[in-house]
Amino acid sequence: MRRAFFETLTEIACQDERIVLLTGDLGFMAVEGFQDRHPSRFFNVGVAEQNMVGMATGMAKAGMIPFCYSIIPFVLLRPYEFIRNGPVMHRLPVRIVGVGAGYDYGNNGFTHHGTEDLAVARVLPGMVVLAPADSAQMRSMLRQTWAQPGPAYFRIGRDDRPVMPGLDGAFDADRVALCRAGDAVLILTLSSIAPDVAVAASLLAEDGIESTVGVVGQLSPPPRDHLVELLSSFRLVVTVENHSIDGGIGSVIAEILAEENLNCRLVRCGFRIQLDGRTGRTAYLNQRQGLSPEALAASIARAHRGPL
Amino acid sequence: MRKTMVTGKAIRELILEHSYRAGVGHIGSNLSIADIIATLYSQFLNCADSDAKECDAFILSKGHAALALYAALYLYGDISRESLDTFCQDGTRLGVHPEYQLRGVEFSTGSLGMGLSYAVGMALALRLQDRGRKVYVLLSDGECNEGSTWEGAMVAAHQGLDHLTALVDVNGQQALGYTREVIGNAAATPRWSAFGWDAVEVDGHDVAAMAQAIRRPRDGRPRVLLCRTIFGRGVSFMEGKIAWHYLPVDDTQFAQALQDIERLA
């Protein structure tokens, strides 16, 4: 999704001179297009993410729309207080753009993994939290949201290639994007693990379990009315996220189910264990958390059979 | 425009009066910057001279000294006496630390180490927009413990932001002790020079000297004034005493403090 993000940002920046791009010295083979096209609005501020967000706050105060780019823990967690006291408190249009959702950075290890970002981003008041499922949705999302007045966090997948079947780049902040229809179970997901969820849904269909698969591209504020409508018509919902089981989409759905008193059972799939230092590719790490397409299909089928 | 009314002495009187009324501390830190604030508001910040959007920007990075800023804003005419009198009352916009919703305050501060980054971003954006606005930021010396301050310092020098002026209130004290005992040399002049700044040492209670140091021709580097100040300046029993980072004044101390201020030149 990186390529889609930077290509789209480069195009939008041709229309709007307020857009500036700041990077904490990352983005090789990704930022160059913007840099070549808009050299005066590209700033590599060095490996110093706190100052990057502080600068972006100052720039936004002066009327610009700054995008701050780095790997998720570096751009969101390191400068978290700068984000809170800066664009959040001042309600400024700073964009925090984190690449590497979940285990996208695979064998680069824990320091590079985005495993609790949705949780900490969505508790910030006024922060719009966006997590595209593939490159086409990334483009739609950026085109629809770049000029919004307040702050936003983009959780971007590292890989450009995966495509979420049935999504066709759809994004509407007020709607869940439905990619597959079925009566047995509602599966809600987001971000770069979505294509794996589509595979799991196909495996389930081979076993006669037809699912509705929805992508919640904007986690905060969530498309609440549409979620309530969907949850009201299913007896089982399964959430799948490449993120801690706590604080992400599973938690959002749990909150809505409880507050609306809906009669729908929830099964949350996400990161439940702290890894032990053994590393590997994204698929290996997801599999260790029980999030391979096969393991997901098995979990959902088990839930469909009924509570343990 | 009431620039001539913004003096260190007038600011000090207001600091004492309002911290006494509200029963809050940070008096020493407020008193040490009174002359720096007076310099900026009497000679540089041009908010009342022109369209508000185009006035120079001032960021109080050491937000715990907001009362000195409120005093200047009142003397300058930006806020009313009634508004100033709400300092630290329930529902006020004038808390211990400043909030940007108050006219004349660019950024809410209070967490140290953020203001220089805000200033660098503003200065860069204003240069991109070719608007000719200048940016001033006031830091504490304790704040120079923060790594982010030096991240901002590096970028400001690298970008050649010579319309940016940082002023460091070198009062030699921080929350739990003297700066030399906590992390020595954090605000030293050679350190700023080594980071690529045009660093000038100046008496932080000498308005004319600070004004001259700000006006000196620029050479492409951002400028920092290391303003040597006395914590609690003007009140005999507060000067150089750590406790006045925290304590409010009682009736007797208030009367004594006002007498001391009256004797200041």
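Since we're looking at a predicted model, the values are computed, not measured. Note on naming: letters A, B, ... go to the chains in the order of the sequence lines (proteins, then strands), and numbering restarts at 1 for each one.
- Taken to the nearest 0.5 Å, the CG atom of A:L92 stands 9.0 Å off from the OH atom of B:Y118.
- One distance of note links CE of A:M89 with CD of B:E99; it measures 6.0 Å at 0.5 Å rounding.
- Summarising the geometry, atom CD belonging to B:E151 is positioned 10.0 Å from atom CE belonging to A:M52; distances are rounded to the nearest 0.5 Å.
- A:N85 has its side chain out of reach of B:S108: every pair of non-hydrogen atoms, C-beta onward, lies at least 4.5 Å apart.
- Note that CE of A:M55 and OG of B:S148 are 13.0 Å apart. Values are rounded to the nearest 0.5 Å.
- Between A:N51 and B:S117, the closest heavy-atom pair is OD1-OG, 2.6 Å.
- Summarising the local packing, CZ of B:R191 is surrounded by more than 12 heavy atoms from other residues, nucleotides or ligands at distances under 6.0 Å.
- Atom CZ of A:R37 sits in a sparse spot, with 12 or fewer heavy atoms from other residues, nucleotides or ligands closer than 6.0 Å.
- The local environment of OH in B:Y246 is crowded, with over 12 non-hydrogen atoms from other residues, nucleotides or ligands closer than 6.0 Å.
- Interface residue B:Q159: only side-chain heavy atoms are found under 4.5 Å from chain A.
- Counting heavy-atom neighbours within 6.0 Å of B:R93 CZ, excluding the residue itself, gives a total of 12 or less.
- When each of B:G115, B:A125, B:G121, B:G113 is checked for heavy-atom pairs under 4.5 Å with chain A, B:G121 comes out on top.
- Applying the 6.0 Å contact sphere to CZ of A:R91 captures no more than 12 heavy atoms from other residues, nucleotides or ligands.
- Heavy atoms of A:V20 lying under 4.5 Å from chain B belong exclusively to its side chain.
- For B:H163, the NE2 atom is densely surrounded, since the number of other residues' heavy atoms within 6.0 Å is greater than 12.
- For A:Q35, the CD atom is densely surrounded, since the number of other residues' heavy atoms within 6.0 Å is greater than 12.
- Counting non-hydrogen atoms of neighbouring residues, nucleotides and ligands closer than 6.0 angstrom, the CG atom of A:D225 reaches no more than 12 such neighbours.
- No other option in B:L124, B:I59, B:V120 has as many heavy-atom pairs under 4.5 Å with chain A as B:L124.
- A:A62 and B:L126 make their closest contact through CB-CD2, 4.2 Å (heavy atoms, listed as atom of the first residue, atom of the second, distance).
- In this structure, A:M64 CE and B:Q129 CD are separated by 5.5 Å, a value rounded to the nearest 0.5 Å.
- A:E81 and B:S111 make their closest contact through OE2-OG, 2.5 Å (heavy atoms, listed as atom of the first residue, atom of the second, distance).
- Relative to the six-membered ring of B:F107, A:K61 meets both conditions, a distance below 6.0 Å and an angle of at most 45° to the axis.
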